[in-house]
Peer 1: 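For reference, the structure I am asking about is given below.
Sequence lines set the chain letters: A, B, ... in the order given, protein chains first and strands last, and positions in each chain run from 1.
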2 protein chains.
Amino acid sequence: MKAQQAGGHTADRRGVMFVISSPSGAGKSVLSRLLLQADPEIRLSVSVTTRPRRPSEVDGVHYHFIDVATFNQMKDRGDLLEWAEVHGNFYATPRGPVELALAEGRDILFDIDVQGTLQLYQRMRSDVVSVFILPPSIAELERRLKRRAEDEERVIRRRLKTAESEIAHWNDYDYVLVNEDLERCYGELKQILNTERLKRHRQPQLQSEISVLLRDLSVVLARPE
Amino acid sequence: MKAQQAGGHTADRRGVMFVISSPSGAGKSVLSRLLLQADPEIRLSVSVTTRPRRPSEVDGVHYHFIDVATFNQMKDRGDLLEWAEVHGNFYATPRGPVELALAEGRDILFDIDVQGTLQLYQRMRSDVVSVFILPPSIAELERRLKRRAEDEERVIRRRLKTAESEIAHWNDYDYVLVNEDLERCYGELKQILNTERLKRHRQPQLQSEISVLLRDLSVVLARPE
């Protein structure tokens, strides 16, 4: 009853596109890292980008580094699920690896902003489960941003400004969690992912299980009374 | 930030209409009982019925016993969320208690069939979370039905016949669980309920929490640089 995949992977279910968004400083990065470390069935989405590779980066791990011509081709062919331009460079999520992962029952974690989330909705709504992480208070958000010693006042201010427009979109998310206590918030995040994996439309193998039940039932009911 | 209710109950969230359906013998009754015993926030929906009260039944606990004229009035006024006729008697879910429970953040368990579920969808789709419980096999379903000593062959046969048409509607449910191992299945059921309680649209208090965040953020951003 399990669909055998080309790569030898056995798909029990369809994967989840698990989107986590939050203002900078609300704890998204820590939560994502905890989830990726603890759960072998979910991996971080690898974006394509047109910006040059930094010496510390590995092609195919941190990003797929592509040129602008390739980016435009992919965009025109509908091969990009979402894209954005940041400081003159393009960043995007390629469709191929996502479709493959979903079919093989692997989940993909997206650490993207509101605009990226809305773009994913347009193309893959039923596959996306979106979670918005809120800080418990603005005072706490400021404290967390200031604790990152490298950020100067100007950077913190810009982050807070961005936070304002991001938070205004809380209503576009399936779930909204307040990260007051990290362990509790992480527990809720895991629980959401585990439950969404159980959704009927992510259980394609049910179709054949039901067929067997109905066939056996018709055999039993055909027996003389 | 909590909405104070008339009855003094404090609503942190909107309740869930938790629907569990299954063919007779798949384990729905045991699962429902476990859930009701373990979780004080969910209660079984009390139906209205036009059939006479049995000596062992208490009005308002097992059913609200009403006459046919009252039933028809309620139906005509749109006060029934779903209804059915069984052996000449009417059974229905009255709207009032459900709306009150939802507003007070209490969940209601519905132990109803496919037709009832489809009727609830028509009126309350965003409040309903539906779970269909499957037996692991038809052989096991027959065994479980036969273990109930009081059921004769004819009754079992009728139940299996009904099971056939019920199972054909598995596709109408949000979640489908196979009850192979009771503890595991119960764990999944609890997890679904807990996660659905977290859904953004069931967290009306978020609106005011967000307002506070945005107000505090605008104060911070208004400070001179």
Side-chain angles (χ1 to χ4, degrees), chain A residues 23 129-132 134-142 153-154 156-157 160-161 163-165 167-178 187-203 205-207 209-221 223 225, chain B residues 23 26 129-132 134-142 153-154 156-157 160-161 163-165 167-178 187-203 205-207 209-210 212-221 223 225:
Chain A
V129 175
S130 63
V131 184
F132 196 81
L134 286 175
S137 69
I138 296 304
E140 176 61 21
L141 186 68
E142 266 199 288
E153 185 63 33
R154 202 175 43 86
I156 292 174
R157 209 184 164 78
L160 290 173
K161 190 77 202 152
E164 197 173 29
S165 56
I167 291 175
H169 279 277
W170 68 282
N171 223 344
D172 290 314
Y173 285 75
D174 297 325
Y175 299 88
V176 177
L177 302 180
V178 179
E188 290 174 341
L189 202 62
K190 267 198 307 189
Q191 185 188 286
I192 290 169
L193 178 58
N194 283 328
T195 303
E196 290 285 349
R197 286 168 171 166
L198 289 175
K199 278 261 173 79
R200 191 248 315 147
H201 75 272
R202 295 198 177 95
Q203 303 279 342
Q205 90 294 354
L206 278 172
Q207 180 70 66
E209 294 184 17
I210 299 278
S211 300
V212 170
L213 287 178
L214 289 175
R215 187 200 61 201
D216 292 354
L217 201 44
S218 71
V219 170
V220 169
L221 289 168
R223 285 194 308 235
E225 284 194 60
Chain B
V129 175
S130 63
V131 184
F132 196 81
L134 286 175
S137 69
I138 296 305
E140 177 60 21
L141 186 68
E142 267 198 289
E153 185 63 34
R154 202 175 42 84
I156 292 174
R157 209 185 164 77
L160 290 173
K161 188 77 202 152
E164 197 173 27
S165 56
I167 291 175
H169 279 279
W170 67 282
N171 222 343
D172 289 314
Y173 285 74
D174 297 326
Y175 299 88
V176 177
L177 301 180
V178 179
E188 290 173 341
L189 202 62
K190 267 197 309 187
Q191 185 188 286
I192 289 169
L193 177 59
N194 283 329
T195 303
E196 290 286 348
R197 286 167 170 167
L198 288 175
K199 278 261 174 78
R200 192 247 315 145
H201 76 273
R202 296 198 177 95
Q203 302 280 342
Q205 90 294 355
L206 278 173
Q207 180 70 65
E209 295 185 16
I210 299 278
V212 171
L213 286 179
L214 289 174
R215 186 200 62 201
D216 292 354
L217 202 43
S218 70
V219 170
V220 169
L221 288 169
R223 287 195 307 237
E225 285 193 61

Peer 1: Show the nearest heavy-atom pair for residues B:Arg200 and A:Tyr173, with the distance to one decimal.
Peer 2: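 Minimum heavy-atom contact is NE-O, 2.7 Å.
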
Peer 1: Show your reasoning for whether side chain to side chain contact (heavy atoms under 4.5 Å, CB included) applies to A:Leu198 and B:Gln191.
Peer 2: CA-CA 10 Å; A:Leu198 289 175; B:Gln191 185 188 286; 4.0 Å; yes

Peer 1: Measuring heavy-atom distances to chain B, does A:Ala163 have an atom under 4.5 Å in its side chain, in its backbone, in both, or in neither?
Peer 2: both

Peer 1: Of the backbone (N, CA, C, O) and the side chain (C-beta and beyond), which part of A:Arg215 lies under 4.5 Å from a heavy atom of chain B, both, or neither?
Peer 2: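 Neither part.
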
Peer 1: Which residue out of B:Asp216, B:Val176, B:Leu213 racks up the most heavy-atom pairs below 4.5 Å with chain A?
Peer 2: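 Option with the top pair count is B:Leu213.
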
Peer 1: Could you check whether any side-chain heavy atom of A:Leu134 comes within less than 4.5 Å of a side-chain heavy atom of B:Ile210, counting everything from C-beta outward?
Peer 2: yes

Peer 1: Of A:Val212, A:Val219, A:Val220, A:Leu221, which meets side chain to side chain contact (heavy atoms under 4.5 Å, CB included) against B:Ile138?
Peer 2: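 Considering A:Val212, A:Val219, A:Val220, A:Leu221, a side chain to side chain contact (heavy atoms under 4.5 Å, CB included) with B:Ile138 is found only for A:Val220.
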
Peer 1: Counting heavy-atom pairs under 4.5 Å with chain B, which one of A:Val131, A:Asp174, A:Asn171 comes out on top?
Peer 2: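 If we count pairs closer than 4.5 Å to chain B, A:Asn171 comes out on top.
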
Peer 1: Salt bridge between A:Glu142 and B:Arg223, side-chain N to carboxylate O under 4.0 Å?
Peer 2: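 A salt bridge is present here (some side-chain N lies under 4.0 Å from a carboxylate O).
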
Peer 1: Does any heavy atom of chain B fall under 4.5 Å from the side chain of A:Leu160, the backbone, both, or neither of them?
Peer 2: both

Peer 1: Mind checking the CG-CD spacing from B:Leu177 to A:Gln203? Nearest 0.5 Å is all I need.
Peer 2: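 With rounding to 0.5 Å, CG (B:Leu177) is 8.5 Å from CD (A:Gln203).
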
Peer 1: Which residues pass the side-chain contact (heavy atoms from CB on, under 4.5 Å) test with B:Glu196, sequence neighbours left out?
Peer 2: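 Expected list: A:Lys199, B:Val129, B:Tyr175, B:Ile192, B:Lys199, B:Arg202.
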
Peer 1: Taking side chain as everything from C-beta outward and backbone as N, CA, C, O, which of these in A:Val178 sits under 4.5 Å from a heavy atom of chain B? Side chain, backbone, both or neither.
Peer 2: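 The answer is the side chain of A:Val178.
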
Peer 1: Given A:Glu164 and B:Leu214, is the side chain to side chain contact (heavy atoms under 4.5 Å, CB included) satisfied, shown in steps?
Peer 2: CA-CA 7 Å; A:Glu164 197 173 29; B:Leu214 289 174; 4.3 Å; yes

